[in-house]
Amino acid sequence: MTSFNDEDAFEAASLPLSQRAMGATMGARAAPYLDGLNPAQREAVETLDGPVLMLAGAGTGKTKALTSRIAHLLTTGSARPNEILAVTFTNKAAREMKSRVAGLLGEAIEGVPWLGTFHSICVKQLRRHAELVDLKSNFTILDTDDQIRLLKQLIVAEGIDDKRWPARMLAGLIDSWKNRAWTPEALPASEAGAYDHKGGKIYAQYQERLRTLNACDFGDLLLHMVTIFQQHPDVLEQYQRWFRYILVDEYQDTNVAQYMWLRLLAAAHKNICCVGDDDQSIYGWRGAEVGNILRFEKDFEGAKIVKLEQNYRSTEHILGAASGVISGNKGRLGKTLFTESKGGEKVRLIGHWDGEEEARWIGDEIESMQSGTRGMNPIGLNQMAILVRASHQMRSFEDRFLSIGLPYRVIGGPRFYERLEIRDAMAYFRLITSPSDDLAFERIVNTPKRGLGDKAVQKIQVMARSNGLSLLDGAKLLLETKGLGGKGAKELAKLVDGLDRWGAAARIGDMSHIEIAEMALEESGYTEMWQNDKTPEAPGRLDNLKELVKALEQFENLQGFLEHIALVMDNDTEEASEKVSIMTLHGSKGLEFPAVFLPGWEEGLFPSQRSMDESGVKGLEEERRLAYVGITRAETLCTISFAGNRRVYGQWQNALPSRFIDELPERHVEILTPPGIYGHQAGSASDMLDALGGSDLHEAAAKANVYNSPGWRRLQDRQASRGSTSSGMGVTIEAQAVSSFSVGERVFHQKFGYGEITALEGDKLDVAFDKAGDKKVIGKFLTAADSAGDVPF
DNA sequence: AGCCTCCTAATTTTT
DNA sequence: TTAGGAGGCT
């Protein structure tokens with residue numbers, strides 16, 4: 001089949017009428033993707049030239065628009081496949097786009113667009129131009145583990161107490177510097193002083209080490225390409241000519257380095273189409289700059305802004321609730337989602353006594369929804385999700401679901417390729433393909449145990465360094481010079497010999513890479529190590545190793561496998577069985593479920609206290625966007641809940657309902673009454689108390705405290721005044737919580753725990769905390785503690 | 001070298 | 001509460 005382009009259209013015009021009619025039909029069939037688009041989507045798809053910002057709210061069909069745009073570029077002949085660059089953040093998104101583009105085009109187009117993650121595309125580029133940043137094109141990509149081990153060596157060498165200054169912390173810092181496109185030379189002095197005044201220095205050393213190791217970390221992939229583009233205009237021009245049209249997904253998540261890379265590439269032709277939603281920017285803590293999307297019009301003059309606001313996912317109540325919450329943020333680009341679907345259930349809101357009860361209630365609710373006893377059609381478990389703010393919240397659900405036998409799946413746990421045994425195995429593979437991979441050598445030299453402890457490894461390192469050799473070669477030399485004795489020497493010789501043989505086998509090629517991998521794992525004693533391991537995880541690890549070997553089948557050789565795996569660490573195995581999904585709010589972005597539960601909406605937990613402490617209003621706004629993302633995951637049923645008491649790090653703490661609850665527009669919310677003894681009618685706080693009867697005094701007092709909390713009272717008031725047209729949702733948490741404290745009063749602080757007020761200065765208070773000592777804190781972060789909350793029970 | 005015990009710290013996570 | 005790391009003991 002031929003492709004459709006301008007010439008075909010031109011030819012069609014000169015054809016006899018009958019054939020012209022046929023051509024027209026074919027034309028229509030060639031662009032069926034345009035038919036299913038609404039006017040806004042269509043505009044975003046058809047505006048091919050110049051900068052376009054597609055502001056796509058949740059559930060407004062942005063992937064559809066994006067893929068249709070690619071199809072349109074191709075079918076109109078505006079671009080050949082390899083002239084299109086489409087970038088995503090995750091491999092999953094890239095896969096999805098690839099398959100959808102293929103679906104739209106059928107067989108019509110030959111060739112493939114450059115479609116991939118920022119990192120995978122940068123790797124391709126960097127392998128081509130590695131020498132420009134003093135690397136060889138076969139550089140290895142370090143994972144976080146390698147990175148931290150390397151940093152730790154530098155930190156120790158620098159004489160820093162790595163307990164006070166953990167390597168992780170520096171790894172995070174360096175990462176954030178790279179996200180902002182700061183090379184060691186460009187690092188602002190204000191930043192270089194971080195990490196015990198040595199941050200900048202160690203950063204430079206680290207980069208130097210990477211160069212000698214012929215390695216990169218993830219941040220480098222982008223940063224090196226930006227450097228190359230800036231220093232070698234000829235290279236940049238080549239890519240500018242090559243990629244005539246650029247598309248970017250999730251633009252609100254781009255960091256500075258990614259932004260610079262994009263700007264450089266688009267600088268000549270400005271044919272860049274960025275798709276994103278400022279309201280769904282939830283990765284600021286990882287370097288994403290909402291500013292990038294907010295500034296688009298200034299960055300690209302004459303940019304066309306298209307807003308996709310028609311939502312195809314959720315009911316009007318769900319959208320109304322989400323819109324209400326997000327409207328509390330300042331400086332938004334501003335979109336208003338609407339839907340043509342009317343009716344549906346309101347967002348349900350329910351308070352619980354504690355986290356366990358919340359889990360119990362949600363479990364029951366899921367079961368009744370599943371069986372259809374809720375007066376609705378039964379909903380399958382696959383159609384339901386529980387979205388939490390922090391992963392430790394998952395635990396109460398897992399406990400509960402295990403005990404009632406409700407099948408669930410946790411999404412976003414530790415990933416396959418990050419598991420210990422997989423990384424060990426891959427370190428063996430790395431050494432087989434590149435014997436000078438020192439980090440891999442360090443990792444497995446004593447795994448399984450070979451009697452090669454710190455002392456032996458140090459000897460190898462000294463030998464290698466003083467002779468300018470890799471660790472493996474250093475080890476060989478050490479053996480030759482008899483620098484190591486006894487059992488260690490014998491074992492090391494065995495390992496070195498093994499690595500030589502496996503490596504040779506891989507080069508000769510009369511064994512498949514799968515056989516070589518199996519041989520290495522077998523002869524090194526690695527498999528045996530787990531077979532002899534009596535811990536309960538061992539069988540699982542052996543299974544994983546088998547799975548790893550199986551994964552090799554899809555690759556030509558070990559090298560190809562390793563290169564692929566460095567960037568594609570995900571492993572979503574689409575499971576068919578019916579299970580409720582439990583995941584974090586972050587993990588839920590981009591997904592949708594008919595029924596969604598949003599538990600744990602409590603001040604301090606959500607919005608997260610830490611976020612607010614560290615990033616102030618910016619942090620709070622990001623939390624609010626997280627709330628918006630959560631609500632908009634739901635198609636038909638959204639249930640928000642909070643608990644008055646929660647065990648945090650073993651200590652019972654009480655909490656107020658989240659301020660986000662106040663921000664839900666009341667006409668879209670239905671307030672449910674908690675079940676059990678608290679459930680007798682829509683009672684007042686005192687009814688609630690009465691219902692408690694003469695149980696344990698502490699407990700009763702604690703309950704009284706919860707149900708007298710401003711948040712709970714507000715809920716009660718709201719329930720009482722339902723139907724009234726008052727729009728104001730009442731005073732915010734801050735306004736209420738800044739109530740007057742007095743010296744000597746017992747208070748509670750989310751971070752510091754319980755304490756006693758020792759002095760007052762306006763809204764700042766001196767508090768002597770039981771655990772955290774004397775602190776000066778702002779009143780709004782404190783709540784009054786009664787004796788009840790004080791006593792763990 | 002390996003096991004055991006004590007101490008500390010504790011969001012969100014992709015590549 | 002609990003998990004992971006570090007340091008100490010055998």
Side-chain angles (χ1 to χ4, degrees), chain A residues 87-94 116-123 141-144 147-148 152 161-164 166-169 172 175 178-179 216-223 250 253-255 257-258 281-288 355 387-396 399 411-415 417-418 446 449-457 486-488 491 564-570 572 583-590 600 604-615 619 622-623 625-626 629-630 646-653 750-751 753 771-772 792:
Chain A
V87 227
T88 64
F89 272 86
T90 63
N91 292 300
K92 195 176 164 197
T117 62
F118 277 98
H119 296 267
S120 69
I121 287 167
C122 282
V123 171
I141 302 167
L142 302 192
D143 55 39
T144 323
Q147 199 183 345
I148 285 173
K152 201 158 179 176
D161 174 12
D162 71 330
K163 215 172 164 184
R164 268 197 71 196
R168 262 182 199 291
M169 180 187 181
D175 213 46
K178 289 182 177 179
N179 285 159
C216 269
D217 62 22
F218 284 117
D220 281 336
L221 299 176
L222 260 301
L223 186 49
E250 306 278 18
D253 288 340
T254 49
N255 61 35
Q258 288 157 339
S281 165
I282 54 173
Y283 286 112
W285 50 274
R286 164 174 113 178
L387 312 182
V388 297
R389 175 62 182 84
S391 42
H392 66 250
Q393 290 172 262
M394 295 179 179
R395 183 155 185 169
S396 57
D399 286 350
I411 297 191
R415 285 166 306 161
Y417 290 105
E418 277 171 10
N446 200 30
K449 299 280 180 284
R450 295 190 173 89
L452 297 164
D454 286 348
K455 224 173 55 198
V457 172
K487 184 172 169 271
E491 289 285 321
H564 175 82
I565 241 53
L567 288 175
V568 184
M569 297 289 270
D570 64 352
D572 350 89
M583 66 185 95
T584 62
L585 286 162
H586 284 93
S588 75
K589 197 169 92 168
L605 181 58
F606 187 45
S608 138
Q609 190 61 50
R610 188 142 166 200
S611 239
M612 294 187 290
D613 288 349
E614 283 173 6
S615 316
E622 186 154 305
E623 296 287 307
R625 292 192 289 267
L626 210 41
V629 167
R646 203 174 277 280
R647 207 166 30 181
V648 183
Y649 308 136
Q651 298 251 292
W652 282 98
Q653 309 205 325
Q750 191 68 28
K751 197 168 173 184
K771 298 258 162 58

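In what follows, chains carry the letters A, B, and so on, assigned in the order in which the sequence lines appear, proteins first and then strands, with residues in each chain numbered from 1. This structure is a prediction, so every number in the text was calculated from the model and none was measured.
Atom-to-atom, CG of L626(A) to C1' of dT13(B) comes out at 12 Å; the value is rounded to the nearest Å. In this structure, the CZ atom of R647(A) is 16 Å from the C1' atom of dA10(B), given to the nearest Å. Here dT13(B) presents its C1' atom at 12 Å from NE2 of H119(A), a figure rounded to the nearest Å. When the P atom of dA9(B) is taken as reference, atom NE2 of H392(A) falls 18 Å away, rounded to whole Å. E418(A) places its CD atom 8 Å from the P atom of dT14(B), with the value rounded to the nearest Å. The distance from atom CD of E622(A) to atom C1' of dT12(B) is 9 Å, rounded to the nearest whole Å. Distance K163(A) NZ to dG5(C) C1': 8 Å, rounded to the nearest Å. In this structure, the NZ atom of K178(A) is 18 Å from the P atom of dT15(B), given to the nearest Å.
Ring-to-base geometry does not place Y283(A) in a stacked arrangement with dT12(B) (centre distance under 5.5 Å, plane angle under 30° required).
R395(A) comes within 4.0 angstrom of the backbone, heavy atoms only, and of no base. When heavy atoms are screened at a 4.0 angstrom cut-off, Q393(A) is found touching no nucleic acid atom at all. Q258(A) comes within 4.0 angstrom of no nucleic acid atom, judged by non-hydrogen atoms across all strands. G451(A) comes within 4.0 angstrom of sugar-phosphate atoms only, judged by non-hydrogen atoms across all strands, and of no base. Within 4.0 Å (heavy atoms only), Y649(A) reaches at least one base atom of the nucleic acid. Within the nucleic acid shown, T584(A) comes within 4.0 Å of sugar-phosphate atoms alone, with no base atom in reach, counting heavy atoms only. Among the atoms of the strands shown, only primed sugar atoms or phosphate atoms (P, OP1, OP2) are found under 4.0 Å from some heavy atom of L452(A). Contacts of N91(A) with the nucleic acid, taken as non-hydrogen atoms under 4.0 Å apart, involve only primed sugar atoms and P, OP1 or OP2.
OP1 or OP2 of dT15(B) has not a single side-chain nitrogen or oxygen of K92(A) nearer than 4.0 Å. Taking 4.0 angstrom as the limit, R415(A) places a side-chain polar atom (N or O) nearer than this to OP1 or OP2 of dT15(B). Residue T144(A) has no polar side-chain atom (N or O) positioned under 4.0 Å from OP1 or OP2 of dT15(B).
Side-chain atoms of T90(A) and K589(A), non-hydrogen and from C-beta on, never get closer than 4.5 Å to each other.
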Could you walk me through whether T584(A) and R389(A) satisfy the side chain to side chain contact (heavy atoms under 4.5 Å, CB included) test, starting with their C-alpha distance in whole Å, then the side-chain angles of each, then the deciding distance to 0.1 Å, before giving a yes or no? CA-CA 6 Å; T584(A) 62; R389(A) 175 62 182 84; over 6 Å; no
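The distance from atom SG of C216(A) to atom CD of Q147(A), rounded to the nearest 0.5 Å, is 11.0 Å. Atoms CG and OG1, on N179(A) and T254(A) in that order, are 11.0 Å from each other to the nearest 0.5 Å. Rounding to the nearest 0.5 Å gives a distance of 7.0 Å between NE2 of H564(A) and OH of Y417(A).
For H586(A), the side-chain atoms get nearest to dT13(B) when compared with the rest of dT13(B), dA10(B), dT15(B). Across dT11(B), dG2(B), dT2(C), the shortest atom-to-atom separation from the side chain of K449(A) is found for dG2(B). Among dT13(B), dT15(B), dT11(B), the nucleotide with an atom closest to any side-chain atom of R610(A) is dT11(B).
Mapping K455(A) and A566(A) onto DNA chain B by nearest heavy atom places K455(A) at the nucleotide closer to the 5' end. Each of V568(A) and S611(A) has a nearest nucleotide on DNA chain B; the 5'-most of these lies closest to S611(A).
Q258(A) places a side-chain N or O within 3.5 Å of a backbone atom of N255(A) that can act as its donor or acceptor partner.
Counting atom types as modelled, R389(A) pairs no side-chain N or O with a base atom of dT11(B) as donor and acceptor under 3.5 Å.
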